[in-house]
Amino acid sequence: MSIASTSVIQIIPRTRRGVELLLLVIAIAVSVGAYVNIGITVQDKVPASTGYYAAGIGLLALIAHFALRYRAPYADPVLLPCAVLLNGLGVAMIHRIDLGLAIVAEAKGNTPKAAAAPQQITWTAVGIVLFLVVILLIRDHRRLQALTYTAGLAGLVLLVLPLIPGLGVNLNGARIWIRLAGMSFQPGEFAKICLVVFFAGYLVVKRDVLTLAGHRFLGLDLPRARDLGPIGIAWAVSLGVLVFESDLGSSLLFFGLFLFLLYVSTERAGWLIIGGALFVGGAFFAYTTFGHVHRRVTDWLDPWAIDGGQVKLGLMGQAWGGILGRGLGQGHPEATLYAQSDMIISSFAEELGLTGLIAILLVYTLIIERGLRTALGCRDIFGKLIATGLAMSFALQVFVIVGGVTGLIPLTGLATPFMALGGTSLVANWAIIALLLRISDQARRPQTPAAPVSDETIAMAVQKQ
Amino acid sequence: MNSAIRRLAVAAIILMLALMANSTYLQAFRSNEINGRNDNNRVRDSQFSVNRGPILIGSTPVAQSKESGDRFKYQRTYPAGQVYAPVTGFYSYLYGRGGIELTMNSELNGSDPSMAFRRIIDVISNRPQQGGSVTLTLNAAAQQAAYTGLAGKTGAVVAIEPKTGRILAMASRPSYDPNQLASHDNEKVASAWKNLNADKDKPLSNRAVQELYPPGSTFKLVTAAAALSSGKFAPDTKVHSPAELPLPQTTVPLVNEDGKNCGGSNNATLTVALRYSCNTAFGTVGMELGPDALREQAAKFGFGARPLTELPSVATSRFPGDPNQPQTAQSAIGQFDVQATPLQMAMVAAGIANKGEVMKPYLVQNVRTPDLKTVSETKPESLHQAVTPQVASQLTAMMVDVVANGTGKPGAISGVQVAGKTGTAQTAKDRPPFAWFTAFAPADDPKVAVAVLIEKADVARDDVAGGKLAAPIAKKVMEAVLGQ
């Protein structure tokens, strides 16, 4: 206390890059360990691809680390190791399911499908490249504010792309993919980033109006009707995504993100209540109107009714895993539909058990809370909003997909960040981590003007405005 | 602004905690229910891949798992195939399990709570789960004698150790080869299953415990026990025993098998009546005692209860509910609606042999972990004192007389006193009667009690009689036990 109250001593912020390196080594060791373990259990030998895998995950992680060392030395030391761990474990599990599917195919006399794990490692490399691009190219996140409306437009275009005939494709009942030059992309994953930038930029400018002009109704400070425009548009767009692309998860994600950022920028709980009411209304409307939404809900209420149902198979896998799990390579995760993508969490729950699942959820929690901590420490409102948006996008996404797989809420097809098979999602998530690291570097970097100002002072000043 | 972010941080943690709580509920508390679902192929696959423990006779496996090198890792094999099939049952991917494979499944695959400690060690040392072994009470020589004796016939044999209730032999024919059902070739298994189920001789049925038959004259042991226990009869009490006994309320009289009176007398003693298995004498006794006394006596021997818990679908033997006078007379000689399994009739003989005390029959001697630590050992358990030791010794003397001088002669073993009772049970007119023989030996210190039932044999109808058909098989089984 005495030191803080004198506040003369300049506290030199430490970069903590050594800690990051140590955590990275642990994350890589755990991932490679899992990979080798799977090979020994399933094939009785260390997999020949171990070198490729270790180099893929390890080298890429170290390259990212050194990029941070030189271009963002004060960045948060925990985010990168968490992302590497999830990415590495994800590839290991995808490899494990590759092996399982091959055994099943062989038993049935079919030729096994091409392995998905090498593909995921390639996408990891692309993700790290994008990570480097963000870290090296964007020296200051505040410059993104100039792109507010460009980002907004880009976000909308990306959202609409799958609806263009000849470009968009229907996969598993949702029209959220586009096929270009023989490759599939999920533009919604990048739309998410663009829209967060747009929301943040828009709200930085409009927050005063939204905060000050309003009237009290039933003890709530409600904004003026014309200021409800943006939330109305966000609601309509998210509902549109739901209707035209049959994508429950994304619509919830976009709408939730906008609502959270509105709440953070105005600090008016009223927005949450209005938004919540609109969400409930929209959800009920969708439930009564759209067959696929209705089906998701009935499937959730009674997963056992459907023979070979995805949720049912997943729940059986999790139950079979129990508290300690069957052990890596000793379950049957391949028995679940989409075990490598949508249902990868249930694959982990089966082989690593409740213990492993909770460990994974804790790593996600760490990422989310480190992201929000970055938002707290950030000195500019734009950065705060972006960091909050990105962190909360993780929270929503993990909640929606894991909640769906474990039967807490109806299942919607969202990618499990960093783990699920799928290039677009993986690459987009690496870009998000890069942005968060970039903002955290700004937040934790010692300010060049000598006067040390604490976060609280800034917060007070902001509130007084 | 920061306070709003902090609230979001708390909200995010609540979301994550909700996921963890829900998963905990699912994986820690609901997992047993979900794992037990019939449509759970994953559990079936995994259990099928476990190194399942052997089923042993002494130290010889009658069911064991060998590495198969395919996706299920282990192949279940039954070295003695058909001989032990009624007891071991089968272990099939497509059709589940039967017999001991079904009832001792959790012990055999190692998932039983009693092996939890061992399983934790396996997890820590990264060994795959391994099942425990189940040792049966069966006596290999007796089982082989029973199976061989039934060759070419449809029937069943049960042998029990009277003092403990240990089942020494349990054979049923026609039998099936469980190896066919345990195959990993699903198409072959499906066609074998189809054939076995289509077979009108029901090879999948364990006749020793799953099918009910009229016990015929072997039930006269129960009637005699009730008579002696009532105090109104002694072995030398004379009983009305004409060639034809007119029954009230019906024009159909009760007749003796040979159409003559009982051993040359219309008033034979109970001993003589049993010696020649006179229907008219026991019909008289039954009507005098009344159906309730007979039912009560039958219940003390085990009728009306499920006698063996270690096998699935064990049938409950019964004495009819409310028979009138002529029906009571029929019931007293094991006809009308009296139904019994061969196991039940073996229990009657074993009860008399064991000074009137009926022991609970059992098949599993013990369960051991893969490293041979005993998990459980079955202890003999008394079911009922069916008759007093005095009545038991009177019955024994009467049964010894049956083998020495009466219908049971083919069951005699030289040098050993055998106590026995024959039976020939009428069924429908168009099918041959069932031949029964139940016995124990040695009469003064019983080591084995046995019941043999022949449902169908390739002999002339006139040759179907308990003494001719069933007694020689019982003799071989008893010799196999005593010869040790």
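Numbers restart at 1 for each chain; the letters A, B, ... are given by sequence-line order, proteins then strands. Since the structure is predicted, the reported quantities are computational estimates derived from the model, not experimental observations.
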Between [options], which residue shows the highest count of heavy-atom pairs closer than 4.5 Å to chain B?
options: A:Ala387, A:Gly331, A:Gly317, A:Gly371; answer: A:Gly317
options: A:Thr406, A:Ile323, A:Leu354; answer: A:Leu354
options: A:Phe260, A:Trp320, A:Tyr364; answer: A:Trp320

> How far apart are the closest heavy atoms of A:Glu267 and B:Ala4, and which atoms are they?
Replying inline: OE1-N, 3.9 Å
> Which pair of heavy atoms, one from A:Ala395 and one from B:Met16, lies closest together, and at what distance?
Replying inline: O-CE, 3.7 Å
Pick one of side chain, backbone, both or neither for [X], based on which atoms fall under 4.5 Å of a heavy atom in chain B.
X: A:Ile368; result: side chain
X: A:Arg373; result: neither
X: A:Ala391; result: neither
X: A:Leu385; result: side chain
X: A:Pro333; result: backbone
X: A:Thr266; result: neither
X: A:Leu357; result: side chain

>> Under the criterion side-chain contact (heavy atoms from CB on, under 4.5 Å), I'd like the reasoning laid out for B:Val43 against A:Met316: C-alpha separation, chi angles, the key distance, then a yes or no.
In response: CA-CA 8 Å; B:Val43 174; A:Met316 284 175 170; over 6 Å; no
>> Does any part of the side chain of A:Lys384, heavy atoms only, come nearer than 4.5 Å to the side chain of B:Asn2, both counted from C-beta?
In response: yes
> Are B:Leu17 and A:Thr365 close enough that some pair of their side-chain heavy atoms sits under 4.5 Å apart?
Replying inline: no
> In terms of heavy-atom pairs under 4.5 Å, which option from B:Ala12, B:Ala9, B:Ala18 contacts chain A the most?
Replying inline: B:Ala9
> More than 12 foreign heavy atoms under 6.0 Å from CD of B:Glu377: is that the case here?
Replying inline: yes
Mind checking the [atom1]-[atom2] spacing from [X] to [Y]? Nearest 0.5 Å is all I need.
X: B:Met20; Y: A:Leu408; atom1: CE; atom2: CG; answer: 12.5 Å
X: A:Leu361; Y: B:Leu19; atom1: CG; atom2: CG; answer: 5.5 Å
X: A:Trp304; Y: B:Arg37; atom1: CH2; atom2: CZ; answer: 5.5 Å

> How about B:Ser23 and A:Gln318: does a side-chain donor come under 3.5 Å of a side-chain acceptor?
Replying inline: no
>> One pair to check against side-chain contact (heavy atoms from CB on, under 4.5 Å): A:Arg207 and B:Met1. What are the steps and the verdict?
In response: CA-CA 11 Å; A:Arg207 59 192 289 262; B:Met1 203 168 211; 4.1 Å; yes
> Residues of residues 96-107 of chain B under 4.5 Å from chain A (heavy atom pairs)?
Replying inline: none
> For chain A, which residues from residues 24-35 of chain B have at least one heavy atom closer than 4.5 Å to it?
Replying inline: B:Thr24, B:Leu26, B:Gln27, B:Ala28, B:Arg30, B:Ser31, B:Ile34, B:Asn35
